[in-house]
Amino acid sequence: NRIIGSVAIYMNRSKEGFISSFAVLPKYQSMGIGRILWKMILVEAKKRGIEQICLNVDRNNIVAISFYKKIGFKKMENKDNWIEMRRLVK
């Protein structure tokens, strides 16, 4: 067995979640693994009453930005070398 993807998210009582890490090994990207991880996040967020999820992504990480846009995240703010993105949990 081998870990090919992982995600770390903080969910607190403020009704907001923060993704601190979301990764899939390059060899396994574009195979739907990111979407599976995302669906797992949504299930858990809904259980916990989370209304919004945010993350920061390196402004040069075009692959990640494209993926986040595909799953519904919107660019909110540019911060130095990072872009803040947010998505409502529905």
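Because the structure is predicted, anything quoted here is derived from the model rather than measured.
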Colleague: Is Glu16 close to Glu51 at the side-chain level, that is, under 4.5 Å between some pair of heavy atoms?
Modeller: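 No. Closest side-chain heavy atoms not under 4.5 Å.
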Colleague: Check whether Val63 and Ile19 end up in the same hydrophobic cluster, where Ile, Leu, Val, Met, Phe, Trp and Tyr are linked by side-chain heavy atoms less than 4.5 Å apart.
Modeller: no
Colleague: Side-chain heavy atoms nearer than 4.5 Å, only ILVMFWY residues, links allowed to pass through others: does that put Ile41 and Leu88 together?
Modeller: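 No, because Ile41 and Leu88 fall into different hydrophobic clusters, even though each may have its own neighbours under 4.5 Å.
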Colleague: In Å, rounded to the nearest 0.5 Å, how long is the span from CD1 of Ile71 to CH2 of Trp38?
Modeller: 5.0 Å
Colleague: For the residue pair Phe67 and Phe73, is the inter-centroid distance of their aromatic rings smaller than 6.0 Å?
Modeller: no
Colleague: Test side chain to side chain contact (heavy atoms under 4.5 Å, CB included) on Ile83 and Asn56; report intermediate values, then the result.
Modeller: CA-CA 5 Å; Ile83 298 171; Asn56 293 326; over 6 Å; no
Colleague: Run the salt bridge (charged side-chain N to carboxylate O under 4.0 Å, His left out) test against Lys27 and tell me which residues pass, sequence neighbours left out.
Modeller: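 Counting only residues at least two positions away or on another chain, Lys27 forms no salt bridge (charged side-chain N to carboxylate O under 4.0 Å, His left out).
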Colleague: Could you pull out all residues at least two apart from Glu84 that satisfy salt bridge (charged side-chain N to carboxylate O under 4.0 Å, His left out)?
Modeller: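 Scan of Glu84 (salt bridge (charged side-chain N to carboxylate O under 4.0 Å, His left out), adjacent residues dropped) gives Lys79, Arg86.
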Colleague: If you measure from CD1 on Ile53 to NZ on Lys15, what distance do you get to the nearest 0.5 Å?
Modeller: 13.5 Å
Colleague: Please report the interatomic distance CD1(Ile50) to CD(Gln52), rounded to the nearest 0.5 Å.
Modeller: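 Answer rounded to 0.5 Å: 10.0 Å.
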Colleague: Decide whether Tyr68 and Trp82 are clustered together by the hydrophobic rule: side chain heavy atoms of Ile, Leu, Val, Met, Phe, Trp, Tyr closer than 4.5 Å, transitively.
Modeller: no
Colleague: In the single-linkage hydrophobic clustering (I, L, V, M, F, W, Y; side-chain heavy atoms under 4.5 Å), do Ile4 and Val24 co-cluster?
Modeller: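 Same cluster: Ile4 reaches Val24 through Ile, Leu, Val, Met, Phe, Trp or Tyr contacts under 4.5 Å.
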Colleague: Check whether any side-chain N or O of Arg87 sits under 3.5 Å from a backbone N or O of Leu55 as a donor-acceptor pair, and report yes or no.
Modeller: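 Between the backbone of Leu55 and the side chain of Arg87 there is no qualifying donor-acceptor contact (under 3.5 Å).
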Colleague: Mind listing the closest non-hydrogen atom pair of Leu37 and Ala23 along with its distance?
Modeller: CD1-O, 4.2 Å
Colleague: Are Val43 and Lys47 close enough, and set up right, to give a side chain to side chain contact (heavy atoms under 4.5 Å, CB included), and what steps lead you there?
Modeller: CA-CA 6 Å; Val43 167; Lys47 279 187 204 174; 3.9 Å; yes
Colleague: Within the side chain of Asn12, is there an N or O that forms a donor-acceptor pair under 3.5 Å with the backbone of Ser14?
Modeller: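 Confirmed, Asn12 side chain pairs with Ser14 backbone.
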Colleague: Taking only residues two or more places apart in sequence or in another chain, which ones pass side-chain contact (heavy atoms from CB on, under 4.5 Å) with Ser21?
Modeller: Ala8
Colleague: Kindly indicate whether the side chain of Lys46, heavy atoms from C-beta on, has any atom under 4.5 Å from the side chain of Lys90.
Modeller: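 Not in contact.
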Colleague: Is Phe18 linked to Ile9 within one hydrophobic cluster, defined over Ile, Leu, Val, Met, Phe, Trp and Tyr using a side-chain heavy-atom separation of less than 4.5 Å?
Modeller: no
Colleague: Ignoring hydrogens, what is the shortest heavy-atom contact between Arg59 and Ile65? Give both atom names and the distance.
Modeller: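 Minimum heavy-atom separation between Arg59 and Ile65: O-CD1, 3.7 Å.
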